[in-house]
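Below you'll find the structure, written out as structure tokens, and then a few comments.
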2 protein chains.
Amino acid sequence: MGVAERKIREKEELKDQILKAAKRLFIERGFEKTSIRNIADEIEYSPGIIYHYFQDKNEIFYALHQEGFQELRKRMEILGAVEDPMSRLKAMGRIYIQYAFENADMYDLMFIIEAPIDFVVKRDDLCWIEGDSTFNLLRSTVNQCMQKGHFEGHHLEAISFLIWSTVHGMVSLKIRKRVNVLDVGEVDQIIENSYNSFLLILDRS
Amino acid sequence: MGVAERKIREKEELKDQILKAAKRLFIERGFEKTSIRNIADEIEYSPGIIYHYFQDKNEIFYALHQEGFQELRKRMEILGAVEDPMSRLKAMGRIYIQYAFENADMYDLMFIIEAPIDFVVKRDDLCWIEGDSTFNLLRSTVNQCMQKGHFEGHHLEAISFLIWSTVHGMVSLKIRKRVNVLDVGEVDQIIENSYNSFLLILDRS
DNA sequence: AATTTAATTGAACAGTGTTTAATTTTCCAA
DNA sequence: TTGGAAAATTAAACACTGTTCAATTAAATT
């Protein structure tokens, strides 16, 4: 019967409203300052209702962090057009950094803030599929690079993690404000220059 | 007169007690779960007293983050014994990573948690001396490497920041639990292997 | 001993995440 | 159309949070 289906749809709609409100508030105020009551106010419901759609605050931000990975994956899709694996790897890094620059809060949520990962750990999924699939994309590209003779003497896992760490390091130092307070030039410029250094190193590997 | 001096000493002693209690609680419960009331309980004073010694919670954790940098600097001191700048650079990375492994919470406070840096930004010091001096240590070492012919084609600032980013990236991904939930081997092992890959790259640069 | 100064407290304010009993609304069969 | 079961929603409470400030206590000085 159509009634049950409509109910489900309506339930999904409210769930969606909660997520949209949460995202709106999160982007403009950050994680700590986005409270359950704020979200409830935003959708004009009482705070309690949120707990009929989400286990806790962490689950809401786990869902939001998923949206972030969806967007990141979408941006990565164009990489299919790049044949040479080394060029693809380089482009991948650029996309990663650009995503982080344009969506600093979402990047924070995906790779720094503990809430979404605490949700993953709590239900003993023991696996973070969002991160895992993103890392696999990197790993398989690196693998293809190695088959073309790059990264000689390196191990696949190790060099892949190293590459991820490098771009994550640059981006997270910026996001957590450890660069702007440094007696060094313009933040975005130094990251740009550093990434170019990184590309140079890749070329020589 | 000795009275005024004693008073000052007593004031310093209580300030020290606060910091010691805060550190104790922070190490075993983390930043969010260390409240002003917890600290006050620990030293058996009322919560209000803390605000006669510190502007706010951020200042307490700024002071603690300073202690962290002191310890890190202390560990870096043995680097003076390493003549070859490239060997010194490599050892520096090891010390950095080891410090982060042995003092994960302190590293978190120094390079990820916003509280201490928010304190720096608030009073418009516009300069984060602790981070700045640590980065300068790295930069000058890299500079010496370049004078010995390494990192050809790179810019000092850029390659220095890149190196910092790399080790920070590895360490912070671990600390913020993005590695243990990944479908990859033992966390410490992959970081060890990645750092070895990093050393290999340095050798070839 | 009285007075000034400093140290310390307790209570209040406005907020937080979360739970639960009570209420309202919705649905469906008689 | 109505009565009762089921679902959705709320209001209130709990135990917290950082921070401020008037009132109190303790110490130092005259």
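Reminder, nothing fancy here: chain letters follow the sequence lines and each chain counts from 1.
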In this structure, how many angstroms lie between the [atom2] atom of [N] and the [atom1] atom of [X], rounded?
X	N	atom1	atom2	result
A:Tyr53	D:dA8	OH	P	6 Å
B:Leu14	C:dT8	CG	P	6 Å
A:Tyr45	C:dT25	OH	P	12 Å
A:Phe61	C:dG17	CZ	C1'	12 Å
B:Asp41	C:dG10	CG	P	12 Å
B:Ile18	D:dT19	CD1	P	13 Å
B:Ile49	D:dT19	CD1	P	16 Å
B:Phe119	D:dG18	CZ	C1'	16 Å

Carboxylate-amine/guanidinium contact A:Arg88 A:Asp84, below 4.0 Å: no

N or O in side chain of A:Asn38 less than 4.0 angstrom from C:dG15 OP1/OP2: no

Under 4.0 angstrom between B:Ser46 side-chain N/O and C:dG10 OP1 or OP2: no

Restricting to nitrogen or oxygen on both sides, can you table the protein-nucleotides 18-20 of chain C pairs closer than 3.5 Å?
from: C:dT18; atom 1: OP2; to: A:Tyr51; atom 2: OH; distance (Å): 2.6
from: C:dT18; atom 1: OP2; to: A:Lys57; atom 2: N; distance (Å): 2.9
from: C:dT18; atom 1: O5'; to: A:Tyr51; atom 2: OH; distance (Å): 3.2
from: C:dT18; atom 1: O4; to: A:Arg37; atom 2: NH2; distance (Å): 3.4

Could you tell me if [Y] and [X] have a donor-acceptor pair between their side chains, going purely by distance under 3.5 Å?
X	Y	value
B:Ser133	B:Asn136	no
B:Tyr45	B:His52	no
B:Asn38	B:Glu42	no

For the student: nearest non-hydrogen atoms of B:Met110 and B:His65, plus distance: CG-O, 3.8 Å

Candidate list A:Tyr53, A:Phe54, A:Phe61, test side-chain contact (heavy atoms from CB on, under 4.5 Å), partner A:Leu19, passing option: A:Phe54

